[in-house]
Amino acid sequence: MQSVKPVRSAKMLSCFAWISILALSSFAQSPSSLIQNVINRKTISLNGDWHYIADPHEEGTARRFYLNGKLSGTRPFVEYDFNASPTLRVPGDWNFQRPELQLYEGTVWYQKSFDYHPPANTRVFLYFGAANYHAHVWLNEKPLCEHEGGFTPFNCEATAALQEGQNVVIVSVNDARHADDIPSLRPDWFNYGGLTRDVRLVEVPRQFIEQYSIQLDRENMRRINGWIRLGGASTPQKLSLRIPELKLSTEATTDSEGLARFTLNASGLQLWSPEKPKLYRVEISTESDQIVDEIGFRMIETRGTDILLNGRSIFLRGIDMHEEAVNRAGRAHGDDDARTLLGWAKELGCNFVRLAHYPHDESMTRMADRLGIMVWSEIPVYQGVDFKNPQTLAKAQQQLTEMIARDQNRAAIILWSVSNETPKSPERTAFLHQLIVMARTLDPTRLITTATNQTSAAEQHKKVLDDPIIADLDVFGVNEYIGWYEGVPADLDITTWTTPYNKPMIVSEFGGDAKQGFHGATSQRWTEEYQEDIYKHQIAALRKIPFLRGTSPWILKDFRSPHRNLPGIQDGYNRKGLISESGERKKAFYVLQKFYRELAAQTGTAAQ
């Protein structure tokens, strides 16, 4: 990956009027179809310092607009000047780079100038790993696209807008929360705004490999099925797929929509598993394009209340994770953060992580592939979204599509999740049903789940897991906080769980808060001892649930949340982490670690 050389031009960068380009109501260009596997393509990084201007009163959109594709209202506003403006690092959130922006929610305008020489016979796309939440993109005064959703990637075609020499890209990013958004108004995590993941120029041929899915056959673990779709192909094109290590190859021809399907017999295939996370180099070629990927092959399915990996019953020894940086404030991104966070999960004895409550950076899922950690990946349909609103459903479907498109070749991902803790209602159940149907259509090779906290009580201490959405799922997750939000830890000893559904269950959240280093009696809330006691009672209770096939307690690491403000204890953090925000292990960490090591020993699998 190359880096561009930034340039300065007083003519091009003189004033904020440049960003006052468009009345947003008239900006209707959607992103191009998502380009997959950008990391292994020819790209030019636009990461680094970007000039920024915070715009709490939306001056940028009120004063200038596009009319028939041309700038109107050319009067400069001397109050605003990108050259004189400070910078933010990209990727990164704005909240913890500038103290005055820590709690800011609204529009920030980003600007970067760079020198570029457009190659001949090449299409160029601007690719954003994520922009939270609503982004509009311009290049050299031309609107490219807008995108909504803070945790999924998008790309805009930039070919026609690029020019020889100096170029300027401007992005407005607004992270204000709305009732019809995904997530909605009150997510219980910090609303990190900005260009939080990589920004790149992606260079591809006129006809290029856009997306592909290469998976183990659902009926035969010695056969590989898949499809490859080309972008820009107006006539049938020949393509080839090779797996050199297995000495396998095949050829296919695309149809009128640029799609080709194939099947490969692979009798010598070593299957991916947490114990042996084998990845194969896969090569795809056309007459004009080629791309490589590292792909693992495994089968994930259910049988009754069992989860089967490669035909063998497994127990998911997991932990929940938020995308928070290690040893610094802000959003996590990149291989180093992924390696550290997943390394902590491995130290705990995990073979599984739940990436809550949104798709995490692509570096996380690729690192899980390499480390052998199974993954639950989730879209942020979180608690009470606007289930009656068709536009809200469309936003959820878009994010689901983008999540699956980006990561459908990652062997580590075994579960797509469509929601977390949604309240029961006919509208909600219909909303989630449509997402489940879409997920299965887009990717029939993985299991579908959700995390519910909806139960009925036959009588005190008898929980009936009967949320109607469970009927649509392959595996159901249950969030419960007995000992913290309900009762005391000893209540776990006399609580029973039953379900009318013959399906495997994951306890997808449990736990309680503790401030690292705060000690006291077992009965004293907020102490490490109280949290430790919850885990001891919880583990004893879990052992008695016959249909339990996994756990992912809440949560690996303390994380920022504006809802958590108890002075001297929370101070803006959710303290349910087994590790503090600065990396210290709490006592409950070792309780869960012991449990997971015992489970691994019983099943003959590696705990680390």
Side-chain angles (χ1 to χ4, degrees), residues 16 19-31 50 52-65 80 85 88 90-111 128-138 143 145-154 170-197 322-324 329-331 357-359 379-387 389 391-396 398-399 402 559-565 572:
F16 180 62
I19 70 174
S20 307
I21 294 172
L22 181 68
L24 296 187
S25 60
S26 65
F27 202 123
Q29 293 178 254
S30 298
W50 290 56
Y52 82 92
I53 298 172
D55 187 15
H57 300 298
E58 299 292 344
E59 293 291 330
T61 58
R63 297 189 182 191
R64 300 288 294 279
F65 60 94
Y80 305 102
S85 297
L88 290 169
V90 172
D93 55 274
W94 64 59
N95 309 86
F96 289 93
Q97 296 189 54
R98 295 283 174 175
E100 65 272 21
L101 297 179
Q102 181 170 338
L103 297 178
Y104 176 73
E105 293 188 357
T107 293
V108 169
W109 294 84
Y110 286 79
Q111 181 259 21
F128 297 84
N132 189 31
Y133 170 79
H134 200 157
H136 295 78
V137 183
W138 297 265
C145 71
E146 68 173 302
H147 179 266
E148 187 169 346
F151 305 99
T152 49
F154 64 100
I170 290 178
V171 186
S172 74
V173 184
N174 186 301
D175 72 336
R177 293 165 289 147
H178 304 93
D180 62 348
D181 288 348
I182 301 292
S184 187
L185 291 170
R186 300 188 67 252
D188 187 14
W189 63 84
F190 200 91
N191 187 27
Y192 294 105
L195 299 175
T196 57
R197 297 178 188 163
H322 260 304
E323 192 179 49
E324 289 229 348
R331 177 73 67 200
H357 287 297
Y358 40 77
I379 57 171
V381 177
Y382 178 86
Q383 296 185 358
V385 307
D386 189 357
F387 294 112
N389 189 334
Q391 292 182 344
T392 304
L393 175 61
K395 294 175 185 180
Q398 170 199 313
Q399 292 184 36
E402 291 166 343
F559 63 95
R560 291 183 187 270
S561 173
H563 303 293
R564 313 290 177 157
N565 293 312

### Message
In terms of relative ring orientation, are Tyr110 and Trp50 parallel, tilted or perpendicular, with 30° and 60° separating the classes?
### Response
perpendicular
Mind checking what makes side chain to side chain contact (heavy atoms under 4.5 Å, CB included) contact with [X], not counting sequence neighbours?
{"X": "Asn389", "answer": "Asp180, Asp386, Gln391, Thr392"}
{"X": "Pro359", "answer": "Phe151, Thr152, Pro380, Met403"}
{"X": "Thr196", "answer": "Asp93, Ala130, Arg331"}
{"X": "Arg177", "answer": "Glu105, Leu185, Pro187, Asn191"}

Side chains of [X] and [Y]: does their closest heavy-atom pair fall under 4.5 Å?
{"X": "Leu101", "Y": "Asn95", "value": "no"}
{"X": "Phe190", "Y": "Leu103", "value": "yes"}
{"X": "Val173", "Y": "Val108", "value": "no"}

### Task
Please identify each residue that fulfils side chain to side chain donor-acceptor pair (under 3.5 Å) with Glu323, with sequence neighbours left out.
Arg197
### Set of salt bridge (charged side-chain N to carboxylate O under 4.0 Å, His left out) partners for Glu148, sequence neighbours left out
Lys395
### Summary
Applying salt bridge (charged side-chain N to carboxylate O under 4.0 Å, His left out) to Arg560 and not counting sequence neighbours gives none
With sequence neighbours left out, what residues match [X] under ring-ring contact (aromatic ring centres under 6.0 Å, His included)?
{"X": "His147", "result": "Phe154"}
{"X": "Phe387", "result": "Phe431"}
{"X": "Tyr133", "result": "none"}
{"X": "Trp94", "result": "Tyr104"}

### Query
Could you go step by step and tell me if Glu58 and Thr107 meet the side chain to side chain donor-acceptor pair (under 3.5 Å) rule?
CA-CA 7 Å; Glu58 299 292 344; Thr107 293; 2.7 Å; yes
### Query
Going from OG on Ser172 to NE2 on His134, what distance comes out if it is rounded to the nearest 0.5 angstrom?
8.0 Å
#### Entry: Tyr358/Trp189 under side chain to side chain contact (heavy atoms under 4.5 Å, CB included): CA gap, chis, key distance, verdict
CA-CA 11 Å; Tyr358 40 77; Trp189 63 84; 3.9 Å; yes
### Task
Could you go through the side chain to side chain contact (heavy atoms under 4.5 Å, CB included) check for Leu88 and Arg98 one step at a time?
CA-CA 8 Å; Leu88 290 169; Arg98 295 283 174 175; 3.9 Å; yes
### Task
Could you walk me through whether Trp109 and Ser85 pass side chain to side chain contact (heavy atoms under 4.5 Å, CB included), step by step?
CA-CA 11 Å; Trp109 294 84; Ser85 297; over 6 Å; no
#### Entry: Nearest non-hydrogen partners of Ala131 and Ala135, listed with the distance
CB-CB, 3.9 Å
### Message
Looking at every non-hydrogen atom in both residues, tell me the closest pair between Gly150 and Asn132 and how far apart they are.
### Response
CA-OD1, 3.5 Å
### Query
What pairs of residues pass the salt bridge (Lys or Arg N to Asp or Glu O under 4.0 Å) test when at least one of them lies in residues 186-195, not counting sequence neighbours?
Asp188-Arg564
### Message
Quick one about Tyr192 and Glu324 (side-chain donor to acceptor, distance below 3.5 Å, no hydrogens or angles considered), yes or no?
### Response
yes
#### Entry: Exam field: side chain Asn174 to backbone Ala176, donor-acceptor pair closer than 3.5 Å
yes
### Task
For Ile182 and Val385, run side chain to side chain contact (heavy atoms under 4.5 Å, CB included): C-alpha distance rounded to whole Å, both residues' side-chain angles, the deciding distance at 0.1 Å, then the answer.
CA-CA 7 Å; Ile182 301 292; Val385 307; 4.1 Å; yes
